[in-house]
Protein chains: 4
Amino acid sequence: MKKLRVGVIGATGYTGEEIVRLLARHPRVEVTYASGKEERNLRLQEIFPYLQGRIDLECRAFSPEEALKECDFVFLSLPHTVSMRVAPLFLKAAKPVVDTSADYRLKDVKIYERFYKTPHADPVYLKRAVYGLPELHRARIKKAKLIANPGCYPTAAILGVLPGFSDGLFHPKGIVIDAKSGVTGAGRKADKALLFSEVNESFKAYKVFEHQHVPEMNQELTQWAKKAVDVVFVPHLLPLNRGILSTIYVSLAGRISTASLVERYRSFYAQEPFVRVLENGALPEVKHAAHTNFCHIGLRVDETKKLAVIVTAIDNLGKGAAGQAIQNMNLMRGFDEREGLYS
Amino acid sequence: MKKLRVGVIGATGYTGEEIVRLLARHPRVEVTYASGKEERNLRLQEIFPYLQGRIDLECRAFSPEEALKECDFVFLSLPHTVSMRVAPLFLKAAKPVVDTSADYRLKDVKIYERFYKTPHADPVYLKRAVYGLPELHRARIKKAKLIANPGCYPTAAILGVLPGFSDGLFHPKGIVIDAKSGVTGAGRKADKALLFSEVNESFKAYKVFEHQHVPEMNQELTQWAKKAVDVVFVPHLLPLNRGILSTIYVSLAGRISTASLVERYRSFYAQEPFVRVLENGALPEVKHAAHTNFCHIGLRVDETKKLAVIVTAIDNLGKGAAGQAIQNMNLMRGFDEREGLYS
Amino acid sequence: MKKLRVGVIGATGYTGEEIVRLLARHPRVEVTYASGKEERNLRLQEIFPYLQGRIDLECRAFSPEEALKECDFVFLSLPHTVSMRVAPLFLKAAKPVVDTSADYRLKDVKIYERFYKTPHADPVYLKRAVYGLPELHRARIKKAKLIANPGCYPTAAILGVLPGFSDGLFHPKGIVIDAKSGVTGAGRKADKALLFSEVNESFKAYKVFEHQHVPEMNQELTQWAKKAVDVVFVPHLLPLNRGILSTIYVSLAGRISTASLVERYRSFYAQEPFVRVLENGALPEVKHAAHTNFCHIGLRVDETKKLAVIVTAIDNLGKGAAGQAIQNMNLMRGFDEREGLYS
Amino acid sequence: MKKLRVGVIGATGYTGEEIVRLLARHPRVEVTYASGKEERNLRLQEIFPYLQGRIDLECRAFSPEEALKECDFVFLSLPHTVSMRVAPLFLKAAKPVVDTSADYRLKDVKIYERFYKTPHADPVYLKRAVYGLPELHRARIKKAKLIANPGCYPTAAILGVLPGFSDGLFHPKGIVIDAKSGVTGAGRKADKALLFSEVNESFKAYKVFEHQHVPEMNQELTQWAKKAVDVVFVPHLLPLNRGILSTIYVSLAGRISTASLVERYRSFYAQEPFVRVLENGALPEVKHAAHTNFCHIGLRVDETKKLAVIVTAIDNLGKGAAGQAIQNMNLMRGFDEREGLYS
């Protein structure tokens with residue numbers, strides 16, 4: 001069997017690194033190209049010593065010519081606003097792309113431009129891009145050439161409320177998503193606010209009401225619920241490396257017990273390889289989802305108040321970024337969806 | 001000036017230790033008695049080396065006779081259900097007590113018994129106890145002999161919503177308090193769930209809807225708002241030592257801008273020595289409140305949704321426990337309210 | 001191919017949990033029996049939700065009869081002094097055992113008894129036990145029925161100095177091993193000294209000169225160097241979950257440059273699947289060895305002082321315990337030595 | 001009593017911030033000038049909200065004219081190589097300076113230039129500078145106009161070995177200092193290697209043999225021991241905010257028991273207000289020294305090997321930087337040496 005030749009553009013950020021780590025043990029692919037902005041000309045295994053003996057590849061400054069020549073499938077782990085200038089190079093050469101930036105996620109370019117403060121450079125491919133959340137769009141992902149890999153917060157939030165919207169149990173109004181993310185979610189960038197001693201032993205809310213992932217959640221949930229959904233979203237920065245826990249408050253349109261809601265969720269996700277609905281009142285903990293591609297979900301209903309609290313946990317680099325990107329590649333190439341993913 | 005002779009019963013838990021640390025530099029008191037369950041017969045300065053040269057006192061097994069003889073003012077840092085058996089010993093001898101347990105906080109013994117699973121042993125002194133939140137009950141604290149020092153979560157929550165309830169701006173229904181606490185909040189007890197490797201690199205919700213601090217919040221807020229308040233409260237465990245951040249979601253009864261709400265809060269708390277309302281849209285961070293007796297408050301309004309998000313930060317051992325206990329002692333004894341507290 | 005039926009006795013400690021996690025994805029084995037002291041009667045996948053869909057097994061109180069019936073190969077993850085009472089049950093039934101406790105590591109029972117404060121209960125099998133460090137004893141491990149899986153500190157220390165002892169480059173006297181371990185090394189036990197808020201934001205040395213792993217290092221290094229080795233060993237407790245970094249100071253018997261020493265180490269370990277000697281002056285970091293079965297080694301020589309500093313990093317639960325245990329099983333059963341291990 | 005008008009140049013780094021925090025509660029000084037590179041034109045209390053109500057001062061870009069006009073005593077918390085261009089401005093105007101950089105610590109400019117890669121710009125004042133370790137140079141500090149505040153590692157190391165060198169008990173050769181520092185020691189600078197997710201859950205050695213603090217230790221110890229001392233120094237980066245623990249290995253020239261060595265240290269440091277030698281075999285922990293100006297020392301002797309292990313703990317921002325700077329100011333101005341310092 002010939003292995004798929006895969007390139008990772010932006011291999012030295014947290015998401016790019018995690019994609020490489022996962023690909024290094026994926027039985028059906030070979031990483032044949034890697035680029036990174038600041039570590040150029042080092043070999044990947046010098047930057048990440050745990051790759052020694054697994055990968056032997058120079059991490060170069062990005063060259064479209066080299067990349068096009070050396071790989072047949074591409075992961076883009078570039079900053080927002082950069083991806084949309086790079087993706088077309090590969091798409092035009094019929095090389096499929098999974099883009100982990102936000103550039104192809106928002107269908108409405110006006111909303112994109114409001115949140116990312118720049119005109120969209122590639123409205124053409126944007127139209128063909130598929131939002132890569134397999135639990136929502138598996139069939140379309142299988143046929144896609146360009147995947148907009150979902151944001152970490154939207155993955156954790158959307159998976160938490162899908163089953164309740166499928167038949168009107170949840171009110172579309174007044175959903176509160178209080179989300180807490182580990183620090184790798186902010187990327188590997190030289191920013192004083194992300195220094196160890198700034199984050200450690202602290203905790204804070206940020207971008208209240210204004211986070212760029214809000215329109216992504218609203219777009220997908222509105223489409224799914226077939227009613228306008230406009231979430232209240234407050235993200236927080238957790239002093240840990242990997243993981244998101246979202247505590248979601250929803251008003252119930254009808255009466256339901258905790259046990260019945262758990263049952264409904266379990267049945268909704270029964271065929272999903274990477275969603276676990278916890279039983280017996282268990283609530284998820286970040287550590288059990290970290291270093292996996294799973295979303296763990298726990299549920300509690302206050303019947304008097306007609307309110308449900310849904311708690312979801314994912315690894316922001318796993319199901320929230322690199323893991324989901326590999327899952328999408330597996331679907332696009334007809335591999336087993338679980339191949340090469342964390343076990 | 002003769003110093004007040006103070007005893008700390010339960011000096012080796014996190015709250016007791018912090019009370020001793022603060023008292024050791026308080027200019028008007030002397031710690032003359034300390035008891036602790038497990039470290040008995042060690043000197044305090046051996047258990048806590050930073051006390052060497054500050055305090056020279058044996059930490060003994062609790063003896064009522066010794067305690068009554070050796071101190072004139074008592075802090076009880078005992079587990080819930082134990083304090084109410086110890087406090088009367090001191091009160092009958094006219095020695096004032098600040099109790100940091102929950103035993104004297106809930107005026108309705110039925111509610112106490114439901115949450116703490118035991119009959120209340122001291123309904124007589126319960127009636128005379130004053131809930132020790134100076135921002136609510138300063139005048140009564142000054143005259144009290146028994147202070148029920150507030151819980152850490154209620155302190156962080158109540159201070160966050162008081163100004164909005166004072167004239168009906170906040171709907172009493174539907175308040176959501178999503179709170180996150182550092183691990184010292186759980187006490188220094190040998191519990192596997194609190195081991196470093198269980199908590200570190202993780203995060204979880206717990207006691208959803210069921211936390212024993214809920215009735216405390218409802219009691220004080222209902223009394224203040226003069227309407228029934230029944231909060232939705234979800235606490236979480238943060239991987240850090242000290243600090244609580246509460247993210248509070250309230251529905252607005254009327255229109256108000258963020259700037260006006262900030263102004264209203266600043267004016268409400270203008271005379272308070274230990275509340276800081278942040279300006280210019282700043283949001284509090286745990287690290288800035290940690291190791292202080294302050295509550296920091298930040299505010300944001302979504303005028304379209306008629307929703308306010310209030311974020312409060314305290315040190316759970318400072319304003320949330322030991323610091324507030326000292327503040328109460330200062331009020332009871334007529335000292336400067338800020339004396340001996342973190343500067 | 002029929003899978004090996006494996007049992008894990010003590011599956012709820014950190015080492016036992018990690019053995020189960022690794023076995024759950026090992027292609028040649030099936031976990032058919034698991035026991036644990038405190039979580040009995042829960043299913044493993046309830047205790048460790050990340051096992052849902054991977055393993056479906058009750059975690060019972062240990063029953064020799066059940067264990068003998070339900071598995072053909074056994075991992076013991078029991079406390080020191082307990083293993084030596086359990087291992088013979090399996091060995092007598094010809095079921096091979098990998099024991100992760102210290103009970104079968106020290107060949108001299110007097111030394112065992114001095115450090116573990118109890119007579120050795122099984123001197124017979126002790127004689128046949130093989131010290132399970134593949135880099136030292138691979139041939140004997142392949143034929144062994146009872147493996148004494150090495151301690152985490154000895155693994156990190158011995159691998160760091162083996163190449164220098166093989167031809168007299170290192171003085172056997174005066175080796176200083178300054179070791180720092182993550183908290184899982186202390187086990188999952190309800191001990192106040194291991195609480196999050198005791199360990200977090202702190203660091204300390206402990207058991208200076210007296211750690212029970214000292215005789216283990218001396219035994220193996222003396223045997224290898226063919227001269228009496230008596231190390232100076234000071235362990236420290238790091239505020240992190242997984243990993244050991246050892247900084248080793250050795251006097252050089254002759255002149256050698258850093259580059260030559262690196263070369264000598266690379267050549268010594270060239271065939272080893274789980275040792276990486278870093279090039280170009282790189283020094284190991286805990287994070288790159290964590291969640292792997294590798295030992296990473298970095299070296300520096302001060303030629304003037306005739307001194308080498310060797311820094312080694314392992315995951316105390318990986319190469320330092322569970323990973324190495326699986327590696328030993330692989331060798332004993334003729335599997336690929338790397339099978340099922342972290343990639 | 002008129003308060004001393006104090007300026008802090010570089011008030012937004014970790015050391016500068018801590019100096020301001022301490023000065024804000026010092027009864028004999030007033031902070032009348034503060035400059036900072038990146039936060040210019042914000043008020044200090046906006047940058048550090050815990051200063052609200054304590055200080056009301058704009059943090060400006062540094063202006064020599066303003067600074068000279070507005071303060072009479074100056075703390076420089078500037079990067080190495082910058083201080084030596086700024087200090088003379090104040091010294092020429094007869095305003096005393098405590099410099100927390102390395103610029104005035106090394107008496108031999110050649111050594112300075114080798115380690116700091118730049119010619120020394122101010123050899124004149126360098127000659128008059130006093131190395132600000134009160135335990136070594138108290139009398140000279142009292143009369144000094146320019147203090148070279150010691151490095152954090154040298155403070156922790158020198159205090160650990162002084163008593164043993166005072167009468168030849170310690171061999172001057174072969175001292176090994178294995179030091180571990182919290183991350184604030186590296187300063188508040190936008191450096192990817194200091195990001196939370198790079199440091200957290202990791203640990204590493206760095207600058208083996210080459211750290212710029214080595215010549216500082218050698219200079220002071222050689223002078224004190226009256227014999228050439230050349231230490232082996234390996235620093236490590238701890239995943240915590242504040243604190244240094246140094247584990248020091250020294251060869252003993254004669255026989256001495258642990259108890260006698262402890263006694264010798266206690267007697268040597270008996271009059272020191274900020275050194276605590278622990279009794280009864282206790283070893284220091286970072287958490288007990290953190291947020292204080294103390295150095296805690298624990299000792300163990302291996303009589304057979306004629307080796308002592310000395311463990312010291314300080315707060316790198318306390319006794320290792322800002323606290324010691326205040327202590328020096330107190331001595332220079334004739335205040336109580338302990339005034340305004342952590343209690």
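Computation of the quantities below employed the complete heavy-atom set of this structure, encompassing side-chain atoms and omitting hydrogens, waters and symmetry-equivalent molecules. In what follows, every chain begins at residue 1, and chains take the letters A, B, ... in the order their sequences are listed.
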Region of [X] in contact with chain C, defined by heavy-atom distances below 4.5 Å:
{"X": "D:His288", "result": "neither"}
{"X": "D:Tyr249", "result": "side chain"}
{"X": "D:Asn200", "result": "neither"}
{"X": "D:Val301", "result": "backbone"}

With a 4.5 Å limit on heavy-atom distance, are the side chains of [X] and [Y] in contact?
{"X": "C:Val232", "Y": "D:Asp302", "result": "no"}
{"X": "D:Lys173", "Y": "C:Lys305", "result": "no"}
{"X": "D:Lys204", "Y": "C:Lys287", "result": "no"}

Distance in Å, D:Asp178 CG paired with C:His236 NE2, rounded so as to fall on 0.5 Å steps: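 The NE2 atom of C:His236 is 6.5 Å from CG of D:Asp178, to the nearest 0.5 Å.
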Heavy-atom contact with chain D under 4.5 Å, split by part of [X]:
{"X": "C:Pro239", "result": "both"}
{"X": "C:Phe209", "result": "side chain"}
{"X": "C:Lys180", "result": "side chain"}

Closest approach of D:Ala205 to C:Val311 (non-hydrogen atoms, all atoms of both residues):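 Distance-wise, the nearest heavy atoms are CB-CG2, 4.3 Å.
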Contact leader toward chain C among D:Leu283, D:Leu237, D:Thr247, where contacts are heavy-atom pairs under 4.5 Å: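 The option with the most such pairs is D:Thr247.
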Ion pair D:Arg242/C:Glu201, N-O distance below 4.0 Å: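 Between C:Glu201 and D:Arg242 there is no salt bridge, as every charged N stays at least 4.0 Å from the carboxylate O atoms.
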